[in-house]
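Below is one structure, written out as structure tokens; the observations come after it.
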Amino acid sequence: MPDISVTLPDGSSRQLPAGATGADLAASIGRRLALDAVAVVVDGSPRDLSAPLPDGASVEVVTAGTPLGRQVLRHSTSHVMAQAVTRLWPGARYAIGPAVEDGFYYDFELPDGAHFSDDDLGRIEAAMREIIKEDQRFVREEHSPEEGIEIFSDQPYKREIIEDGGEAGVSTYRNVGASGEDGWVDLCRGPHVPSTGRLGHFKLTKLAAAYWRGDEHRQQLQRVYGTAWESAAALEEHMERLAEAERRDHRRLGAELDLFHFPPEIGSGLPVFHPKGAMTRKVMEDYSRAEHEANGYDFVYTPHIAKSTLFEVSGHLGFYKDNMYPPMEMEGARYYPKPMNCPMHILVYKSRQRSYKELPLRLFELGTVYRFERSGVLNGLLRVRGMTQDDSHIFCAREQLEAELESLLAFVLKVLRRFGLSEFEAELSTRPEKFIGTVEEWDRAEEALRASMDAAGIPYKVAEGEGAFYAPKIDVHVRDAIGRRWQVSTIQVDFQNPRAFDMEYVGADNTRHRPFMVHRALFGSVERFFAILLEHYAGALPTWLAPVQAAVLPVSDAHEGYAGQVAATLRAEGFRAEAGVAEETLGARIRRAKLDKVPYVLVVGDQDVAAGTVGVNVRSSARPERGVALAQFVERLRADVHAAHA
RNA sequence: GCCCGAGUAGCUCAGUCGGCAGAGCGACGCACUCGUAAUGCGUAGGUCACCAGUUCAAUUCUGGUCUCGGGCUCCA
């Protein structure tokens, strides 16, 4: 039999007997690799280990612990889950079951309109472990579409996929037990692990409803989520990450640190900030104002409600009505709470005739808006119904757009960095199928946005056709301390509103021109950004943002007077300091201050009163210091607070 | 809005197979006056989310409503 030759990723080549498979290749390289292998990539395409390798191919063996290997594991586990569900609910229909970030899901329609309950997760897991124990092989088969439709005669979702796919052939995977009996079959491109015995480090995590093909007008299916990993240790690590995320949950921290809450008496999605949360928010807002002032923005204030005509012109009542609170009738007019600030800012622009000499005109407002979000989407401060945007609208001449976007993005990133967020990824959303304006305008705006990201040096992806109907946009995402991605800033170029409001300026040529408009929210919403910071810092806000920067604790009540003086001195120096009273044991008071995540706990006793010193217990350190001169501590605190502004 | 789950003291939760409810923490009071992550004792605090229904009796069972959580759709 003639040999074949394949090329490995390191450039070396290997000779194998004709008909050799990926599994044979892995085995020929090493025993360990053969055990770890879950699939191969042949000339760039993922394949089963059992597939024969073509002569001359480039082949990479995929192991379980790699991103692609985990995808294969997860997708294979989702098949096992669907198989388990059909064992437990004969007649269940299964739709799609892909691998997703950190796990997988599968969508089902149970017979007789049944729904899963939480208790079912354990039953499904048990059935899955049975299937894994049976070590069923994943057997790939190729069929014509007609055969596929025949195989899935009782699976309408699979049939729909085949019918809509319009492909020349379809492939299926059959799970076959040791005795060779035909098992459960699914429509699938693959690849899969060789057999179910390769799986096992998984957990079913949650239930959800999901619409068939993501369309809320179609059948609602039951979705089961799970996670799967290459080893028990990796699964355990993942579960620990989830636990860490829960510990950092801003809703939990908001209650523990007494920062904010959502009174049911006010209504869903409408938070109140308590004094400590409000202090941090005030520092954020003061900082934002100072930065905007230093960067050429003009401040405006606008009302919370406006007559319907304003939102008719802006297009909100046409395109955004479902997200608006209903109107109030007053003196024959209908007043709507504003869902966005832009129409108001446009009216400021239009208050008089504008000259090109005024452009770019940058209007800024911490503007509170109200949006009627559907109840199911509310999520702590991350998704609310009343929020304050650090909102800006920039009006500029066409030839200023590029430079303006470039400096704008640089400004955005600079501010985000000062809040300790430094890993950015952006997304450029481009012209959708339905759009207004000209292709030339769009191309120019997209190009300007792209250039600003190149200039800022941040990585970005292009979301083709994802722009709003009126404009392309950049969304800036940040990664937090535990690697989660959050969308914060957004920058949108708008062609629609300048036209709708008939905005003009007089150019150097003494004729009228239409300005370009750029919408920009930096934090996104102050509430949301506050929540992201809380989660990023796990509640231990940097000193400049901490509501209480130093807590002064007297050792006994004899030292309360001195503690008060120390706190007063710190406040006079511009810091946020509180003096305590000696009501409980010192240990208990220190513990409380630490749990409140106060950056500096100062303990003062006889020695400090005599020497004018403080004991310094730093939040991030387990070892307290003694006998630090107060003046010296003031300088340390000052340096700490200013470090964030460097 | 839809599916699943939850709602018991300020918080975290136990409990009642239908018979007028309990712990820890917190709050308050008294004692303790203390040098770096929980001093002791005591007191108060609950229409068991709300509204109906079944029942001799409902916090418990049934239905509805509201709120919260996890998803879907949507989005800052």
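Here is the naming used below: chain letters follow the sequence lines, and residue numbers restart at 1 for every chain. Quick caveat: nothing in here was measured; it's all calculated off a predicted structure.
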(request) If a protein heavy atom is under 4.0 Å from the base, mark B; if only from the sugar-phosphate, S; if neither, -; do that for nucleotides 36-50 of chain B going 5' to 3'. (result) BBBB-----------

(request) Spell out protein contact along nucleotides 70-76 of chain B as letters: B when the base is contacted, S when just the sugar-phosphate is, - when no protein heavy atom is under 4.0 Å; keep the 5' to 3' order. (result) BBBBBBB

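Annotation: B:A49 and B:A6 have their P atoms spaced 13 Å apart (nearest Å). For the P atoms, the distance from B:C75 to B:U59 is 45 Å, rounded to whole Å. Comparing the C1' positions of B:U55 and B:G45 gives an interatomic distance of 32 Å, to the nearest angstrom. A gap of 23 Å separates the C1' atoms of B:G19 and B:A23, to the nearest Å. A distance of about 16 Å separates the P atoms of B:G40 and B:U33, rounded to the whole Å. For the P atom pair drawn from B:A14 and B:U8, the interatomic distance equals 10 Å after rounding to whole Å. Separating the P atom of B:G70 from that of B:G22 is a span of 34 Å, rounded to the nearest Å. Distance noted for atom P between B:U47 and B:A21: 12 Å (whole Å).
Cation-pi geometry between A:Arg619 and A:Tyr600 is not met: the NZ or CZ atom fails to fall both under 6.0 Å from the ring centre and inside 45° of the normal. The cationic group of A:Arg93 does not satisfy the cation-pi geometry with A:Trp212, failing either the under 6.0 Å distance to the six-membered ring centre or the 45° limit from the ring axis. Both tests pass for A:Arg281 against the ring of A:Phe273: distance under 6.0 Å to the centre and angle within 45° of the axis.
For RNA chain B, runs of at least 3 consecutive pairs of the Watson-Crick or G-U wobble type, with both hydrogen-bonding distances under 3.5 angstrom, map to B:1-7 with B:66-72, B:10-13 with B:22-25, B:27-31 with B:39-43, B:49-53 with B:61-65.
Nearest heavy atoms, A:Leu253 versus A:Leu534: CD1-O, 3.7 Å.
Although no hydrogens or angles enter the test, the distance criterion places no donor-acceptor pair under 3.5 Å between the side chain of A:Asp164 and the main chain of A:Ile161. Here the side chain of A:Lys461 pairs no donor or acceptor atom with the backbone of A:Leu428 at under 3.5 angstrom. A donor-acceptor contact shorter than 3.5 Å is absent between the side chain of A:Arg485 and the backbone of A:Glu425.
Regarding A:Asp120, its CG atom lies at a distance of 17 Å from the P atom of B:C3, rounded to whole Å. Atom CG of A:Asp107 is separated from atom P of B:C4 by 15 Å (rounded to the nearest Å). The interatomic distance linking A:Phe108 (CZ) with B:C4 (P) rounds to 16 Å, in whole Å. Rounding to whole angstrom units, CG of residue A:Leu257 and P of B:C11 are separated by 16 Å.
Between A:Gly380 and A:Ser375, the one whose closest nucleotide on RNA chain B sits nearer the 5' end is A:Ser375. Between A:Ala582 and A:Gly269, the residue anchored closer to the 5' end of RNA chain B is A:Ala582, taking for each the nucleotide with the nearest heavy atom.
A search for side-chain hydrogen bond (donor to acceptor under 3.5 Å, both in side chains) contacts involving A:Asp480 returns A:Arg484, A:Trp486, not counting sequence neighbours. Judged as a ring pair (Phe, Tyr, Trp, His ring centres under 6.0 Å), and not counting sequence neighbours, the contacts of A:Tyr105 are A:Tyr225.
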(message) Using the rule given for side chain to side chain donor-acceptor pair (under 3.5 Å), can you reason through A:Asp606 versus A:His559, listing the C-alpha separation, both sets of side-chain angles and the distance that settles it, and then say yes or no?
(response) CA-CA 7 Å; A:Asp606 284 336; A:His559 314 113; 2.7 Å; yes

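Residues A:Arg626 and A:Gln607 have side chains that bring a donor and an acceptor to within less than 3.5 angstrom of each other.
Using a 4.0 Å heavy-atom criterion, one finds that A:Gly627 contacts no nucleic acid atom at all. Heavy atoms of A:Ser268 sit under 4.0 angstrom from primed sugar atoms or phosphate atoms, though from no base atom.
Counting heavy-atom neighbours within 6.0 Å of A:Glu101 CD, excluding the residue itself, gives a total of 12 or less.
The pair A:Asp107-A:Arg223 meets the salt-bridge criterion, with a side-chain N (NZ, NE, NH1 or NH2) lying under 4.0 Å from an Asp/Glu carboxylate O.
Using cut-offs of 30° and 60° on the angle between ring planes, the pair A:Phe523 and A:Phe529 is parallel.
When side chains are defined from C-beta on, A:Leu630 counts as touching A:Val566, because their heavy atoms get closer than 4.5 Å.
Residues from residues 554-566 of chain A placing a heavy atom under 4.0 Å of any atom in RNA chain B, listed by number, are A:Val555, A:Ser556, A:Asp557.
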